[in-house]
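What you see is a predicted model; the values in this text were computed from it and never measured.
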Amino acid sequence: MTGDKKTLHPAFAVTNIKTLIPIFLDIKQDEYSSWVFLFELHLQAHDLLFLINGSTPPTGIDANTLKQLDALCRQWMFSTMAKDLMLTVLKSGKTAKELWDHLQKLFQDNKGNRVATLESKFVNLKFVDCASVDDYCDKLKSLADRLTDLDFPMNDKRLVIQLVNGLPEEYNIVASFIQQSMPTYDAARSHLRTEEIRRAQQTTMISSTALAATGNNSSQRHHRTSNGKRPVNPANSGPLLPTPGYSRQPSAPRQPSAPRGPVYPANPASWMPYWAQPPCPYPTAPLWQPTAPPRGPSAGRPRQAQQRRSSILGQAHAYAVPSVETLHPMRVLRTSEILVFKLSVSASDL
């Protein structure tokens, strides 16, 4: 029993390989290089690299244990693949090394097209397409690693240049500093992270200042209202400088041009009464106006016809409203005397 425990390999104690290799291998994702790195790291931790590189296994492992370890390695591969890829390579190899080589040919086949696709993604990646500085830097690094796996020349200096080219205008100062100093990729990433933290702090300070100013204005308005003072309307407030003819009216808007009552003229003789004027019994034109001698065709008519015509015209005069001077008592008396005299004269002529 004791001998059986000594021959048990530590690799059989692994229960969940997905926690150790969290990347799923998929033909559509181009994450083969990352998956290979994690898988080789896991095999190295358990001293099982000989299963995929063809090296000589340790002497302390018998043939039966070697077959079990090989089957366990293939199970780990299938557990970290997408379903479509697993069905494609399920029966492609009888050993772990044959399956490993088949995956390598499948993902590294047609390198030219893959390199062109990855390089286009690498060059066109911008900071605005990412959530943060860390996300932007991680994506650039991942694309650079994939290009390196496909034997594409990629060094740290080119990675830093592309990192600066994808920055927006807000990072022009730190971008100029990185271009002049040309640090390593990790140092450039640290500069960008520091700039991002500084900008976030400035945004927070501006927001808090604006919020505090809004709160102060609201508290002042509430204090004035609670004291029983109505807030002053700037449209109804008076001028700041003394203005001639201005008087404050708290209950109504100021109207400096509107009169405040009936306006009386300077000359009392031109005052007009506020009541309707009654009709006047006196004619507007006196009946004693002299008539011009007849001319034209009516010159040979008899005198009686002319007198009858004058009487008819005199009766047809319209009445008009007399003026104040006409209604004066002395004026009315003189007019009546003259009218009686003219009527007597006319009667004697007849």
Query raised in the report: Going through the distances and angles, do I52 and K97 end up as a side chain to side chain contact (heavy atoms under 4.5 Å, CB included)?
Result: CA-CA 4 Å; I52 60 174; K97 188 177 183 312; 5.5 Å; no
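- Remark: R189 engages D134 in a salt bridge, criterion side-chain N to carboxylate O under 4.0 Å.
- Looking at R193 and E196, no side-chain N of the basic residue comes within less than 4.0 Å of a carboxylate O on the acidic one, giving no salt bridge.
- With contacts defined as side-chain heavy-atom distances shorter than 4.5 Å, the pair I61/F50 qualifies.
- Following chains of ILVMFWY side-chain contacts shorter than 4.5 Å, one can reach L167 starting from M182, so the two form part of one hydrophobic cluster.
- The structure places CZ of R74 at 12.0 Å from CG of L69, a figure rounded to the nearest 0.5 Å.
- With a 4.5 Å cut-off on side-chain heavy atoms, V36 and L103 do not count as touching.
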Query - side chain to side chain contact (heavy atoms under 4.5 Å, CB included) assessment of R146 paired with Y32 - result: CA-CA 8 Å; R146 294 178 191 178; Y32 173 74; over 6 Å; no
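- A distance of 10.5 Å separates CG in L147 from NZ in K121, rounded to the nearest 0.5 Å.
- Among K18, K83, M81, the one residue that satisfies the side chain to side chain contact (heavy atoms under 4.5 Å, CB included) test with F24 is K18.
- With rounding to the nearest 0.5 Å, the separation of SG in C73 from CG in L48 is 7.0 Å.
- No donor-acceptor contact under 3.5 angstrom links the side chains of T184 and D186, judged on distance only.
- A continuous path of Ile, Leu, Val, Met, Phe, Trp and Tyr side chains, each step under 4.5 Å between heavy atoms, connects L85 with F37, placing both in one hydrophobic cluster.
- Atom CE in M77 sits 5.5 Å away from atom CH2 in W35 (nearest 0.5 Å).
- A cation-pi arrangement is found for R199 relative to Y171, the charged atom lying closer than 6.0 Å to the ring centre and inside a 45° cone about the ring normal.
- Under 4.0 Å is where a charged nitrogen must lie from a carboxylate oxygen, and between K105 and D101 no such pair does.
- Residues V14 and H46 meet the side-chain proximity criterion, which asks for heavy atoms closer than 4.5 Å.
- Across every non-hydrogen atom of Y185 and D138, the tightest pair is OH-N, 4.4 Å.
- With hydrogens and angles disregarded, a donor-acceptor distance shorter than 3.5 Å links the side chain of R114 to the backbone of F107.
- Each of L41 and L49 belongs to its own hydrophobic cluster when Ile, Leu, Val, Met, Phe, Trp and Tyr are linked at side-chain heavy-atom distances under 4.5 angstrom.
- Put simply, the side chain of D26 never gets that close to the backbone of A82: no donor and acceptor are under 3.5 Å apart.
- We find that E119 and R158 are joined by a salt bridge, their nearest charged nitrogen and carboxylate oxygen being less than 4.0 Å apart.
- Between W100 and F39, a ring centre-to-centre spacing shorter than 6.0 Å is recorded.
- Closest non-hydrogen pair, I178 versus P183, comes out as O-CD, 3.4 Å.
- Defined by atom type and a distance below 3.5 Å, a donor-acceptor pair is missing between the side-chain atoms of T117 and N113.
- Note on L38 and I27: same hydrophobic cluster, where clusters join Ile, Leu, Val, Met, Phe, Trp and Tyr whose side-chain heavy atoms are under 4.5 Å apart, directly or indirectly.
- Closest approach of K126 to N165, counting heavy atoms only: NZ-O, 3.9 Å.
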**Report entry** side chain to side chain contact (heavy atoms under 4.5 Å, CB included) between L125 and L140, worked out
**Finding:** CA-CA 8 Å; L125 183 63; L140 278 178; 3.7 Å; yes
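- Side-chain contact between I21 and W76 is absent, with no heavy-atom pair separated by less than 4.5 Å.
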Requested in this report: Please test T194 against V174 for side chain to side chain contact (heavy atoms under 4.5 Å, CB included), starting from the C-alpha separation and ending with a verdict.
Outcome: CA-CA 10 Å; T194 304; V174 66; over 6 Å; no
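- Remark: side-chain polar atoms of S34 are not paired, donor with acceptor, to backbone N or O of E31 under 3.5 angstrom.
- Under the 3.5 Å distance criterion, with hydrogens and angles disregarded, a donor-acceptor pair is assigned to the side chains of T65 and D62.
- Distance check: D145 CG to L118 CG gives 11.0 Å after rounding to the nearest 0.5 Å.
- A donor-acceptor distance shorter than 3.5 angstrom exists from the side chain of H9 to the backbone of A11, with no hydrogens or angles considered.
- We find the NZ-CG distance between K94 and D70 to be 12.5 Å, quoted to the nearest 0.5 Å.
- More than 12 heavy-atom neighbours from other residues, nucleotides or ligands sit within 6.0 angstrom of CG on L87.
- The two residues V89 and F78 have their closest heavy-atom pair at O-CE2, 4.1 Å.
- Using a 4.5 Å heavy-atom cutoff, the side chains of K157 and I161 are in contact.
- For the residue pair S92 and H102, the shortest heavy atom distance occurs at OG-CD2, 3.5 Å.
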Requested in this report: Report the C-alpha separation of N124 and S120 in whole Å, then their side-chain angles, then the decisive distance to 0.1 Å, and conclude whether the side-chain hydrogen bond (donor to acceptor under 3.5 Å, both in side chains) test is met.
Outcome: CA-CA 6 Å; N124 296 324; S120 177; 3.3 Å; yes
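- Looking at heavy atoms from C-beta onward, Q75 lies in side-chain contact with L72 at the 4.5 angstrom threshold.
- Of all the heavy atoms in Y136 and L163, the pair that sits closest is OH-O, 3.0 Å.
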